[in-house]
**Student:** 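What follows is a single structure, and I will ask about it in a moment.
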Amino acid sequence: MDYNTADIESRWKKYWEENGTYRVSDDRSKPKYYVLDMFPYPSGAGLHVGHPLGYIATDIFSRYKRQSGFNVLHPMGFDAFGLPAETYAIQTGVHPAKSTNDNIEKYIQQLSNIGFNYDWSRSVKTCKPEYYKWTQWIFTQLFAHYYNNDAEKAQSIDSLVAKFEEGGSTAVNAATSLEEDFTANQWKAYSAIEKAEALMNYRLAYQKIGYVNWCEALGTVLANDQIKDGLSDRGGHPVEKRAMKQWALRITAYAGRLLSDLDSVDWSDSLKAMQRNWIGRSEGAQVFFDIENNDKKIEVFTTRPDTIFGATYMVLAPEHDWVEELTTDAQKDKIRDYISYVNSRSEIERMSEVKEVTGEFTGSYAINPFTNERVPIWIGEYVLKDYGTGAIMAVPSDDERDKAFATKFGLQIIDVVDKSDYPGSSLKDKTGKMINSGFLNGIEVVAAITAAIKAIEAKGIGSGKINYRMRDTNFSRQRYWGEPFPIRYNSEGIAEALPLERLPLTLPDTDDFQPAVGGKSPLARNEAWVNEEVGYTRETDTMPAVAGSSWYFLRYMDAGNPEEIASKENLKYWDSVDLYVGGTEHAVSHLLYARLWHKFLYDLEIVPSNEPFKKLINQGMIQGVIEFVYLQKEKGEGGQNIFVSQEIAESNPETEYAMIPIHIDFVSSYGSPDSYLDLEGLKKFTEWWPSYKGAKFISADAEYIDGGQDVEINLVTKSEVGKMSKRYYNVVNPDDMVEKYGADCFRMYEMFLGPIEQSKPWDTNGIDGVSKFLRKFWALFYTDEKLIVNDDAPKPEALKILHQTIKKVSDDIEKFSFNTSVSAFMVCVNELRSQKCHSRSILTPLVQTLAPFAPFISEELWSKLGNEGSVHHSAYPKFEEQFIKEDSIEYPISVNGKKRDAIQIPSDATKDEIEKIALASEVIQKWIEGKDVRKVIVVPGRMVNIVV
RNA sequence: GCCCGGGUGGUGGAAUUGGUAGACACGCAGGACUUAAAAUCCUGUGGCUUCGCGGCCGUGCGGGUUCGAUUCCCGCUCCGGGUACCA
């Protein structure tokens, strides 16, 4: 029988489907294991070979766990709401629901070709009303809760109202955006609208008017993490600041827990670092500065309260609320000019020209509480409205930016830290002794910080404070293709959440997807939908894509449940994700939101665990190779296109060239520095791109005119590593790989490429090695159509290599090191071939061991060995001890660190015995003859070193 | 600037975390089979040196600890990722 991959794959795919082989039961008698992939956004382009990398790894892992006796949940779903489908709808008129569904079908097809063991009956699509019903419900719960800082958890708004009635806003220590406190009596006197507004400052999902990142081209607002270098992450459109009323999530309430609980999860250091960085905790103090001739006090945050004696001026952000009030008549014009200058600058300009110092004096003064000196109040771009309090005390002697500012505007500088004891330390280092600082003089910086905070608290002008960089995130999008907010406004304009029985609030069907100008969602134009409920109007914004992906992993636990997110029993049994695999591009937004939602649901006692993902592995990206040819910009006679070899283009810097990406299939040894187009390649190229017919190609030693006489020519192309994308003609489709080499080969090759975590360009060149391996493996069972497996007793050498392989592979799987396990299989098969071993008792466990990696060939051979059904027994229990122990081990023997020989020592020998055998052996005697043995170092199982 | 990674043959990458560096694979070279090619199989393949046995050098660079360092420590350097007027 031949090794025919297409035949084997189609039969076994059918078998799995008919027998529900990968159906997952909620069988609570078995230990559970939850393996999760980050679900994809189903784009129209389909999968390329980079996408399945992580999926293959999790598939191997979950098959391994299942074979080892675990009840494994390994689901797949689709992140189906999002901008691309809507953009596509605007361009083509195809409803996003339709294009999304078509894409999903295509994805499922492609995924099942690779032989994944997903239980599709548990699949989720975030755009389905049955799913987003619960996304909306969680939102209503966020709306109905606030964060109690004392209890360190979310509590109901009703309980908050009770506290207000008792003691006003000061009776509660909560995460809030409330600016002015109120008493119980004031609360009671509030109108319904005033109460609603006050409560809005506490809700975990709340509305606020704030500066948002508006992208006119996309017709929506963007979160900070959707903006790169002042341009939208998607599409690269300009983004401007705009004041709008938007929904937001009070993620800052959870900042402390999101930070400290990172210690309890098994994620990579770099990923944790990215989250820590994003949360951005800094310790310091808040201090209030009196303003001359004004009752207000300017609040600042500083990490260096010790330097307060050197605070010689203050700076407010240009957008600070008090700028107008603090500006004196004499300065009015200048301040107005400055603010209009700031507003005229785009985000990109503000970010790229950070070195330029700008600012303006308001004319007002504050009082330094320690020196009692008048300090001028300035405004300046370098102070950000969104960080800290939007105002700083400037200490030009100890902060580089303050120093640059003070130097430019001639402001006073007082040295407060003597760093002479710490040569080479920078201003940022918290080192040195305090000087010119009254009671702090002579104290080291670190101690001075504590002392200063104490003094500040004693004076009643501030307190120690922890500040976070992270902001509350904007949660509104003015788009069609997202979850509608389950919110309605009553006749007074007060927002109310829809109760569960009114959910899901479904998207109206429409063919109008045009983004609105002026910040209104397309839904707002649908008046029938907006006013459907008598006496109410509906919220017309929709949620961002991150909403649906913040809790999808819970839905897999009980995907069809119409009554709850998932049943209590299932939530308890499946608990949380044991292993999560996905790319770093979600390091911040998705993973932070998912943790936030999970912690919130934990507070509500809906989920039993505090963190959603116990272990997380970031798979690297598989990149593409981009091949360029150089097209001379100046055309030849009669408009002839002229292409030149790379070395010609590079040695003629005065000539201008365009770099044309070219289909990688035409290029010989693509991806290497000396990739080239030969004559055949050039012909294919002009055929495929007819507008270059008749072009002239010039290499270092030859010229060829398309359509003319054949000449031997190698036109060197330029290779780069970059994205796999249609526009670079370098997309490698997994379907093609599966068709050509088989799914097993494709799977094993992707694993063989290198560590999962590493990014690397796709290179098909090595795939033959894996293909050969699989054929060799097959050849252990079949020669010339004949099954050659025998029932001979296994030889000890065969047992040894088998059990070494089982041990190596299972250790490697646990370590998520699949490239080395593939190698181990290769070693094993090579060894069994040279031993001519066809023993059933060796091959049976070997098939079981290979099954997670190459399920199709394993299923086929498993049944050919006479077994029923799918591979199900475990080959993974550790047999190796009983076989390997009986053997002797070859010990290398070194003298003074130099390897001299090797001898056989029984593997169960003790350290002393090893030493005796080594010293007594003849081969070693000749090296140590006549010398004193000073020391013998024995590493059991490894080596012996003799020092003479 | 700051925070994470990383630097090993022609290439992708191993090395049980201090114990024979280069497993496995690609590529390359030689050979077998073949009329020939493909496929397959065998042999070799870090560098220098030697007819050969062997010897010397070798994990980005410079030092250190150790009987022994790709691994640990100190100082550089280059590459990749993240992030930034963050007070």
Side-chain angles (χ1 to χ4, degrees), chain A residues 268-278 280-282 284 300-304 307 311 315 317 350-351 353-358 380-384 386-395 398-402 404-405 426 428 467-470 584 587-588 618 620-621 669 671-673 721 749 752-755 757-761 763-770 772-773 775-776 779 807-808 811-812 815 817 819-828 830 833 890-902 934-948:
Chain A
S268 74
D269 288 341
S270 67
L271 194 66
K272 286 189 189 182
M274 276 158 87
Q275 290 223 342
R276 286 197 184 104
N277 211 317
W278 187 261
R281 179 182 199 268
S282 53
V300 301
F301 173 76
T302 176
T303 54
R304 294 296 301 277
T307 62
V315 188
R350 273 183 88 163
M351 283 180 170
E353 298 165 23
V354 293
K355 281 178 197 92
E356 202 185 325
V357 179
T358 66
E381 267 189 294
Y382 82 100
V383 175
L384 306 176
D386 280 344
Y387 185 78
T389 60
I392 61 161
M393 65 174 212
V395 184
D398 214 54
D399 181 284
E400 279 174 38
R401 296 152 308 179
D402 295 349
F405 194 86
S426 75
K428 284 185 175 174
N467 191 52
Y468 295 97
R469 189 181 83 98
M470 185 168 63
T584 4
V588 179
N618 280 120
M621 282 223 293
S669 60
S672 79
V721 170
Y749 181 60
F752 186 65
L753 234 36
E757 296 89 341
Q758 229 161 70
S759 291
K760 56 232 151 190
D763 174 14
T764 313
N765 285 323
I767 199 167
D768 278 345
V770 177
K772 272 187 225 169
F773 158 78
R775 276 175 283 154
K776 286 179 194 172
K807 172 152 173 59
K808 172 79 177 144
D811 286 355
D812 282 348
K815 282 187 296 187
S817 169
N819 55 330
T820 50
S821 26
V822 174
S823 296
F825 282 118
M826 290 176 172
V827 172
C828 180
N830 286 340
R833 266 164 71 83
E890 186 170 275
Y891 272 70
I893 313 282
S894 320
V895 179
N896 287 345
K898 291 238 186 295
K899 192 213 158 191
R900 292 306 183 190
D901 221 309
R934 278 170 39 214
K935 197 168 164 191
V936 179
I937 300 134
V938 176
V939 182
R942 296 264 166 264
M943 50 72 70
V944 180
N945 187 36
I946 300 163
V947 183
V948 295

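Fair warning: this is a prediction, and the values are worked out from it, not measured in the lab. Side chains included, hydrogens not; waters and symmetry mates left out as well; all remaining heavy atoms used. Throughout, protein chains are lettered first and strands after them, A, B, ... in sequence-line order, and every chain is numbered starting at 1.
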**Student:** Side chain of A/Y387 only, please: which of B/A87, B/C41, B/G12 is the nearest?
**Tutor:**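 Closest nucleotide among those given: B/A87.
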
**Student:** Mind checking if A/S270 touches a base, just sugar-phosphate, or nothing, with heavy atoms under 4.0 Å?
**Tutor:**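 Since only primed, P, OP1 and OP2 atoms lie under 4.0 Å of A/S270, the category is sugar-phosphate.
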
**Student:** The side chain of A/T820 lies closest to which of these nucleotides: B/C4, B/G12, B/A14?
**Tutor:**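 Among the listed nucleotides, the one closest to the side chain of A/T820 is B/A14.
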
**Student:** Looking at A/Q758, does any N or O in its side chain come under 4.0 Å of the phosphate oxygens OP1/OP2 on B/G6?
**Tutor:**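 Looking at the OP1 and OP2 atoms of B/G6, neither is under 4.0 Å from any side-chain N or O of A/Q758.
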
**Student:** Name all residues meeting the side chain to side chain contact (heavy atoms under 4.5 Å, CB included) criterion together with A/T764; count only those two or more places apart in sequence or in a different chain, and write none if there are none.
**Tutor:**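 If we apply the side chain to side chain contact (heavy atoms under 4.5 Å, CB included) test to A/T764, skipping adjacent residues, the hits are A/Y670, A/M737, A/Y741, A/W762, A/I767.
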
**Student:** So what does A/K815 hit on the nucleic acid, given a heavy-atom distance under 4.0 Å: a base, only sugar-phosphate, or nothing?
**Tutor:**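 Here A/K815 touches no strand at all.
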
**Student:** Who pairs with A/K776 by side chain to side chain donor-acceptor pair (under 3.5 Å), at least two apart in sequence or on another chain?
**Tutor:**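 Applying side chain to side chain donor-acceptor pair (under 3.5 Å) to A/K776 gives A/N830.
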
**Student:** Should A/K760 be listed as having a side-chain N or O under 4.0 Å from OP1 or OP2 of B/G13?
**Tutor:**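 So the side-chain polar atoms of A/K760 never come under 4.0 Å of the phosphate oxygens OP1 or OP2 of B/G13.
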
**Student:** Identify which nucleotide among B/A87, B/C24, B/U83 has an atom closest to any side-chain atom of A/S823, counting heavy atoms from C-beta outward.
**Tutor:**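 So the nucleotide nearest the side chain must be B/C24.
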
**Student:** 5'-most contact on RNA chain B: A/N277 or A/F301, nearest heavy atom basis?
**Tutor:**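 Looking at RNA chain B, the more 5' nearest nucleotide goes with A/N277.
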
**Student:** Can you tell me how far P in B/C33 sits from the matching atom in B/A38, rounded to whole Å?
**Tutor:**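 After rounding to an integer number of Å, I get 15 Å for this pair.
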
**Student:** Please tell me which of the listed nucleotides, B/C86, B/U40, B/G12, lies nearest to the side chain of A/K772?
**Tutor:**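 So the nucleotide nearest the side chain must be B/U40.
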
**Student:** How long is the line joining OH of A/Y382 and P of B/G1, in whole Å?
**Tutor:**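 Nearest whole value for this atom pair: 22 Å.
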
**Student:** A/L753 near the nucleic acid: base, sugar-phosphate alone, or nothing, with a heavy-atom cut-off under 4.0 Å?
**Tutor:**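 Contact class for A/L753: sugar-phosphate only.
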
**Student:** Starting at CG of A/D386, measure out to CG of A/L384 and round the result to the nearest 0.5 Å.
**Tutor:**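 So the gap between those two atoms works out to 7.5 Å.
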
**Student:** How many Å lie between CZ on A/F752 and P on B/A14, as a whole number?
**Tutor:**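 Distance check: A/F752 CZ to B/A14 P gives 10 Å.
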
**Student:** Look at the side chain of A/N819 and decide which nucleotide, out of B/C24, B/A84, B/G13, has an atom nearest to it.
**Tutor:**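 For the A/N819 side chain, the nearest candidate turns out to be B/G13.
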
**Student:** Between A/D399 and A/I392, is any pair of side-chain heavy atoms under 4.5 Å apart?
**Tutor:**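 No, their side chains stay 4.5 Å or more apart.
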
**Student:** Check whether any side-chain nitrogen or oxygen of A/R833 sits under 4.0 Å from OP1 or OP2 of B/C41, and answer yes or no.
**Tutor:**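 It does, given that an N or O in the side chain of A/R833 lies less than 4.0 Å from OP1 or OP2 of B/C41.
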
**Student:** Measure from the side chain of A/R775, starting at C-beta and using heavy atoms only, and say which of B/G12, B/U40, B/C85 lies closest.
**Tutor:**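 Given the options B/G12, B/U40, B/C85, the side chain of A/R775 is closest to B/U40.
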
**Student:** Kindly give the heavy-atom pair with the smallest separation between A/S823 and A/F752, and that separation in Å.
**Tutor:**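 Nearest pair, atom of A/S823 first, then A/F752: OG-CE1, 3.6 Å.
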
**Student:** Atom CZ of A/F825 and atom P of B/C24: how far apart are they, to the nearest Å?
**Tutor:**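 These atoms are roughly 16 Å apart.
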
**Student:** Measuring from the side chain of A/P755 (C-beta onward, heavy atoms only), which nucleotide among B/A87, B/C85, B/A14 has the closest atom?
**Tutor:**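 Per side-chain heavy atoms of A/P755, the pick is B/A14.
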
**Student:** Among side-chain atoms of A/D812 and A/T820, is any donor-acceptor pair under 3.5 angstrom?
**Tutor:**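 Yes, side-chain donor-acceptor contact under 3.5 Å.
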
**Student:** As a test of the definition: with a 90° window around 0 for syn, would you call B/G80 syn or anti?
**Tutor:**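 In terms of base orientation relative to the sugar, B/G80 is anti.
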
**Student:** Is the A/Y382 ring parallel, tilted or perpendicular to the A/F405 ring (thresholds 30°, 60°)?
**Tutor:**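 Correct class here is tilted.
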
**Student:** Under 3.5 Å for both pairing distances: what stems, at least three Watson-Crick or G-U pairs long, include RNA chain B?
**Tutor:**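 Detected stem regions: B:1-7 with B:77-83, B:10-12 with B:24-26, B:27-32 with B:40-45, B:46-49 with B:54-57, B:60-64 with B:72-76.
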
**Student:** Can you check whether A/R281 has a side-chain N or O nearer than 4.0 Å to OP1 or OP2 of B/C86?
**Tutor:**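 A/R281 to B/C86 OP1/OP2: no side-chain N or O under 4.0 Å.
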
**Student:** Nearest 0.5 Å please: distance from the CE atom of A/M274 over to the CG atom of A/N618.
**Tutor:**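 So the gap between those two atoms works out to 8.0 Å.
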
**Student:** Supply the atom-to-atom distance A/R775 CZ to A/D768 CG, rounded to the nearest 0.5 angstrom.
**Tutor:**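 Taking CZ in A/R775 and CG in A/D768, the distance rounds to 7.0 Å.
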
**Student:** Of the listed nucleotides (B/A25, B/C26, B/A87), which one gets closest to any side-chain atom of A/M826?
**Tutor:**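 My answer, after comparing the listed nucleotides, is B/A25.
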
**Student:** Below 4.0 angstrom from OP1 or OP2 of B/G82, is there any side-chain N or O of A/R276?
**Tutor:**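 For B/G82, neither OP1 nor OP2 has a side-chain N or O of A/R276 closer than 4.0 Å.
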
**Student:** Find which nucleotide of RNA chain B each of A/S759 and A/D399 is nearest to by heavy atoms, and output the residue with the more 5' nucleotide.
**Tutor:**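 The residue closer to the strand's 5' end, by nearest nucleotide, is A/S759.
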
**Student:** For B/G9 and B/C67, measure between their C1' atoms and round to the nearest Å.
**Tutor:**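 Approximately 29 Å lies between the C1' atom of B/G9 and that of B/C67.
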
**Student:** Considering only atom C1', compute the distance from B/A25 to B/U45 and round it to an integer number of Å.
**Tutor:**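 Straight-line distance between the two C1' atoms is 14 Å.
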
**Student:** Can you tell me if A/N830 touches the phosphate of B/A23, counting only side-chain N or O atoms and a distance under 4.0 Å to OP1 or OP2?
**Tutor:**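 Indeed not, no polar side-chain atom of A/N830 lies that close.
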
**Student:** Say you pick atom P in B/A69 and the same atom in B/G64; how far apart are they, in whole Å?
**Tutor:**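 Straight-line distance between the two P atoms is 12 Å.
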
